[in-house]
Amino acid sequence: VQLQACGGGLVQPGDSLRLSCAASGRTFNNYNMAWFRRPPGKEREFVGAISRSGGSTNLAESVAGRFTISRDNAKNTVYLQMNSLKPEDTAVYYCAAKFMGNIYWKGEYDSWGQGTQFTVSS
């Protein structure tokens with residue numbers, strides 16, 4: 001599956017932003033979807049994942065309560081809704097797909113989007 005993420009930019013602390021990731025090429029609902037991020041100068045980290053049906057999600061502690069993940073299988077798209085943004089959320093965000101995966105998997109994924117950057121700064 002090919003992934004195309006978009007929605008980055010510059011926002012202020014406390015703002016909200018939604019990233020989207022469109023998939024093509026394979027049956028989207030066979031893939032568990034996840035978001036990762038790479039903050040400046042740091043390693044890539046898991047943000048969260050959503051099950052194939054969209055019924056279950058798993059979010060990292062650092063974003064739980066502020067971020068939500070959803071998907072629209074009819075549109076082959078997964079979303080990352082980010083609220084109450086903080087400067088430490090600044091990163092390049094990547095969507096990822098894993099065939100028949102689960103929401104707790106933080107290892108390698110089958111497909112990755114190209115990454116979308118956003119910065120949280122006043």
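The structure displayed is predicted, hence computed values, not measured ones.
- From S24, atom OG reaches atom CD of Q2 across 4.5 Å, with rounding to the nearest 0.5 Å.
- Under the 4.0 Å criterion applied to side-chain N and carboxylate O atoms, R44 and E108 are assigned as salt-bridge partners.
- Put simply, the side chain of Y79 does not reach to within 4.5 Å of the side chain of I69, judged on heavy atoms.
- In terms of modelled atom types and a separation under 3.5 Å, the side chain of S51 and the main chain of S56 share a donor-acceptor contact.
- Cation-pi contact between R71 and F28: present, with separation from the ring centre below 6.0 Å and deviation from the ring axis of at most 45°.
- Criterion: ILVMFWY side-chain heavy atoms under 4.5 Å apart, direct or through other members. Under it, W35 and L17 are part of a common hydrophobic cluster.
- Cluster annotation: L3 is connected to F99 through the hydrophobic network of ILVMFWY side chains, with a link wherever side-chain heavy atoms come within less than 4.5 Å.
- A49 and Y109 get closest at one heavy-atom pair: CB-OH, 4.3 Å.
- A centroid separation of less than 6.0 Å is found between the aromatic rings of F36 and W112.
- By the rule that hydrophobic residues join a cluster once side-chain heavy atoms approach within less than 4.5 Å of another member, V120 and L59 end up as members of one cluster.
- No donor-acceptor pair under 3.5 Å is formed between the side chain of T119 and the backbone N or O of S121.
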Please report the C-alpha distance between K98 and W105 in whole Å, then the side-chain angles of each, then the deciding distance to 0.1 Å, and finally whether the side chain to side chain contact (heavy atoms under 4.5 Å, CB included) criterion is met. CA-CA 9 Å; K98 186 159 182 69; W105 178 250; 3.1 Å; yes
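- Heavy-atom minimum distance, T77 versus S20: CG2-CB, 4.1 Å.
- A distance of 6.0 Å separates OG in S70 from CD1 in I50, rounded to the nearest 0.5 Å.
- Across all non-hydrogen atoms, the minimal contact from S122 to P13 is N-CD, 3.7 Å.
- The structure places CG of L19 at 3.5 Å from CE of M82, a figure rounded to the nearest 0.5 Å.
- Here the straight-line distance linking atom OH of Y31 with atom CG of N73 works out to 13.0 Å at 0.5 Å rounding.
- Between C21 and C95, the SG-SG separation falls below 2.5 Å.
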Stepwise side chain to side chain donor-acceptor pair (under 3.5 Å) test for N83 and S16: CA-CA 4 Å; N83 300 325; S16 296; 2.9 Å; yes
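- In terms of modelled atom types and a separation under 3.5 Å, the side chain of R38 and the main chain of V92 share no donor-acceptor contact.
- T116 approaches G8 most closely through the heavy-atom pair OG1-N, 3.2 Å.
- Within the 4.5 Å cutoff, no side-chain heavy atoms of K106 are placed close to those of E45.
- Side-chain heavy atoms closer than 4.5 Å link hydrophobic residues (I, L, V, M, F, W, Y) into clusters, and following such links, even through other members, never connects Y94 to L85.
- How far CG of N29 is from CZ of R52: 9.0 Å, rounded to the nearest 0.5 Å.
- Linking Ile, Leu, Val, Met, Phe, Trp and Tyr whenever their side-chain heavy atoms come within less than 4.5 Å puts V47 and F118 in one cluster.
- A distance of 11.5 Å separates CE of M33 from CG of L80, quoted to the nearest 0.5 Å.
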Checking Y93 against R37 for the side chain to side chain donor-acceptor pair (under 3.5 Å) test, could you report, in this order, the C-alpha distance in whole Å, the side-chain angles of both residues, the deciding distance, and whether it holds? CA-CA 4 Å; Y93 283 71; R37 67 185 182 185; 2.9 Å; yes
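- Nearest heavy atoms, A5 versus Q114: O-NE2, 2.9 Å.
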